[in-house]
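Labels below follow one simple rule: chain letters A, B, ... track the order of the sequence lines, proteins then strands, and each chain is numbered from 1.
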Number of protein chains: 2
Amino acid sequence: MTEQSGSGRITANDVARLAGVSRSAVSRAFTPGAYVSRDTRAKVERAADLLGYRPDMLARSLTTSRTFLVGVITTHLDNPFYATLLQRLIEEIQRAGMAAVTFIADETSNDERISQLLSYRVDALVLTNTSLSSKMSVRCARGDTPVIAINRYLEVDNIVSVTCDNELASAAIGKLFVKKGRRRIAYMAGEPDTSSSRDRERGFRAGLSELGATLHSSAVGNYSHDGGVRAARELLSSSVRPDAIFCANDLMALATVDVARKDFGLDVPGDLMVAGFDNSDAAAWATYRLTSVDQNIPGMVRSAVEEIEAAVVERGRMRRRVLIPPTLVERESTGGPKSIDEPKYGS
Amino acid sequence: MTEQSGSGRITANDVARLAGVSRSAVSRAFTPGAYVSRDTRAKVERAADLLGYRPDMLARSLTTSRTFLVGVITTHLDNPFYATLLQRLIEEIQRAGMAAVTFIADETSNDERISQLLSYRVDALVLTNTSLSSKMSVRCARGDTPVIAINRYLEVDNIVSVTCDNELASAAIGKLFVKKGRRRIAYMAGEPDTSSSRDRERGFRAGLSELGATLHSSAVGNYSHDGGVRAARELLSSSVRPDAIFCANDLMALATVDVARKDFGLDVPGDLMVAGFDNSDAAAWATYRLTSVDQNIPGMVRSAVEEIEAAVVERGRMRRRVLIPPTLVERESTGGPKSIDEPKYGS
DNA sequence: TTGAAAGCGCTAACAT
DNA sequence: ATGTTAGCGCTTTCAA
């Protein structure tokens, strides 16, 4: 067993010496589409294995200006949807042979984080549930760093937004309520200044009016459980109580079910139908059996990473918006699945 | 407004030219403890601001052999505890001026991920809910890369494990059940081959026997909700049903409450007391009000990052194990908080 | 205190 | 197909 003398980093030189070839031969052996003879490649690989050598990505990046690093900025992960989204995104990035440098957005220090990521020369930037200041947008553009936004539609140039079709799915929920005979239909908004919350409200209203119904009341729950508790109390305290509530995410919908049962003694779905958004794990739990919208996270992250790969090679302009078709998942909180022969929307 | 001619990356040379100083002056202006006159520093800073310059971390790392990159390997984030842990860990890493390169462990490709991180010359490696093969352990040691394990105690050299005091907290739960008058007390294990699940069982048994009680039955729920459902059905189907179950995490405990109520029509805590571990958000929800153990995630990640910083400067041997004191959070699932004057354990 | 020069580990253009 | 040479952008001795 040949050993390395100076403990510490093993370099291409060490491998070259051991294999009896030049440094460039070693480099070529580790470069996918390079001219190396079967023979030298074998020698290099054996030597590399022996020494436990692996090219230094930093040094490599310095010459290739490809780091295989993707910067990811996300929010707090208390919301399980964000957690799952981040997990799948990271997995997809690593499946594509890259690595994710992840930051949690401070909201206040968002620009600083992006600047930091840029100093690592990330090949691309992915923003999940986060915005981009126009200042940073131009810095990314100048550095030729493609930016992909997931789950937020950003009105900024040179950025591709990947979201599910919030309007379509929300309209489907609205129509579901009406078909189930509900008439006092309420909406619980997420964070009011996000595109997702606005799109969901717009779609929901459209779905209602398509069947001749109209919104009875609404409140803001800020996408959090606590906010959902407050908003649910507000809605249900009304003198004319709603008989159906569409919450802009599951966290608020679960809170709404809790409040309806515990604080108001209501039966779900008898007295009150509730629907959410995200199809989180808890939506399927026996206690809730919550109707919800599956955003197709795998589809979203796949699109996002495809956009990254395209942008990295093309270096050109990018598509502005990608819409992922969601799926409505009906459970007992809206009276259970509809009859089997009724067609689902979406593909 | 002076602008940069060649769009693309701005280098120290550009700044030097604009500021009328040398490259090294620029470098020194960006190096905390370096000899630069107030005057040149000011000139450099102004020029850098104007150009939007920021030192290239990759190039810098190549000479300093400090990347300010921390490799993080974690598991699936379906478990909200892992999600919160990861979030806080990343936040703590970025507060320390470093960046986290995050991978989701494939279990099968764990070694490959670590090797990949090593090729980025990460300053340290953090494993959360993950193991380390002895092969990789020696590669880390050879490269002088410190390894910190969170939430797993690993029997490997040169590694520091940060966990909460699982045994202490679990013993407290055991004693709580006995004090509340329960005698048919069961344990629901997590993944059987993890140190956390084993330590919790050991502590729980110890707590019981300390008050003269003994374990009635046990099952394995693998730390998942589905697993918890199955294990709860198993335990509650017994001819002599348990009247208290300690689940090794909240996900399983919530599942147990659901099963007890929905499938067996039991009252919690009347017919069955349930306690969990992690003090996840859902444990506080009105439907569950679950007694649980708060592992003090902020304390865990703070210790972990302190260990990183210490290891990076010292390059010496490290402490083997850090125990974080947890807190018992009593809620209605075990009959509500005890009287106010009864002392809590831990600090 | 500052600038000039060397080099971190690698890849790529050029010769062979 | 292989080796030689010249950098990638930075820090850091070494002189001045």
Side-chain angles (χ1 to χ4, degrees), chain A residues 4 6 8-45 47-48 51-69 116 118-123 143-144, chain B residues 4 6 8-45 47-48 51-69 116 118-123 143-144:
Chain A
Q4 178 62 3
R9 215 169 176 78
I10 286 132
T11 108
N13 270 325
D14 300 325
V15 179
R17 202 176 311 123
L18 181 59
V21 296
S22 73
R23 264 205 334 273
S24 2
V26 177
S27 169
R28 281 189 267 258
F30 279 92
T31 306
Y35 286 138
V36 218
S37 68
R38 276 241 156 290
D39 188 43
T40 29
R41 158 160 278 134
K43 281 195 289 187
V44 169
E45 274 171 359
L51 297 173
Y53 168 80
R54 180 158 187 160
D56 185 319
M57 282 303 288
L58 266 47
R60 163 180 280 182
S61 301
L62 207 52
T63 62
T64 58
S65 58
R66 270 282 266 139
T67 56
F68 295 91
L69 247 27
Q116 200 171 346
L118 256 26
S119 83
Y120 279 105
R121 289 184 178 229
V122 292
D123 286 345
D144 248 0
Chain B
Q4 177 63 4
R9 212 167 181 78
I10 285 132
T11 107
N13 270 326
D14 300 325
V15 179
R17 202 176 310 122
L18 180 59
V21 297
S22 75
R23 261 205 338 269
S24 353
V26 176
S27 169
R28 281 190 268 259
F30 278 93
T31 308
Y35 286 137
V36 218
S37 67
R38 277 240 155 291
D39 187 45
T40 26
R41 157 159 282 135
K43 282 195 291 187
V44 169
E45 275 172 359
L51 297 174
Y53 169 78
R54 178 156 188 161
D56 185 319
M57 282 304 287
L58 264 48
R60 163 180 278 183
S61 300
L62 206 52
T63 62
T64 60
S65 58
R66 268 282 263 141
T67 56
F68 294 90
L69 247 28
Q116 200 171 345
L118 257 26
S119 84
Y120 279 105
R121 288 182 179 232
V122 293
D123 286 345
D144 248 0

Can you figure out which of [options] approaches the side chain of [X] most closely?
X	options	result
B/R60	D/dT11, C/dG9, C/dG3	D/dT11
A/S24	D/dT4, D/dT11, D/dT12	D/dT4
A/T63	D/dC10, C/dG9, D/dG3	C/dG9
B/R23	C/dG3, C/dT11, D/dC10	D/dC10
A/Y35	D/dA1, C/dT11, C/dG3	D/dA1

For a quick check of understanding: with a heavy-atom distance under 4.0 Å over all strands, which category does [X] fall into, base, sugar-phosphate or nothing?
X	answer
A/Y53	sugar-phosphate
B/R121	sugar-phosphate
B/V36	sugar-phosphate
B/V26	nothing
A/S37	sugar-phosphate
A/S61	nothing
B/T64	sugar-phosphate

Whole angstrom is fine here: how far is it from [atom1] in [X] over to [atom2] in [N]?
X	N	atom1	atom2	answer
A/M57	D/dC8	CE	C1'	15 Å
A/R54	C/dG9	CZ	P	17 Å
A/L58	D/dC8	CG	P	17 Å
A/I10	C/dC10	CD1	P	11 Å
A/R17	C/dC10	CZ	P	12 Å
A/L62	C/dC8	CG	P	13 Å
B/R9	D/dC8	CZ	P	13 Å
A/N13	C/dG7	CG	C1'	12 Å

Which residue, B/V15, B/D39, B/T40, forms the side-chain contact (heavy atoms from CB on, under 4.5 Å) with B/V21?
-> B/T40
Any side-chain N or O of B/S27 less than 4.0 Å from the OP1 or OP2 oxygen of D/dT12?
-> no
Would you confirm whether [X], through its side chain, and [Y], through its main-chain N or O, come within 3.5 Å as a donor-acceptor pair?
X	Y	result
B/S27	B/R23	no
A/Y35	A/R28	no
B/S119	A/D56	no

With DNA chain C as reference, determine whether B/R28 or B/A59 sits nearer its 5' end, using the nearest nucleotide of each.
-> B/R28
Specify the closest pair of heavy atoms between B/R41 and B/T31, including all atoms of both residues, with the distance to one decimal.
-> NH2-O, 4.1 Å
Nearest-0.5 Å distance, CG of residue B/L69 to CG of residue A/L69 | 6.5 Å
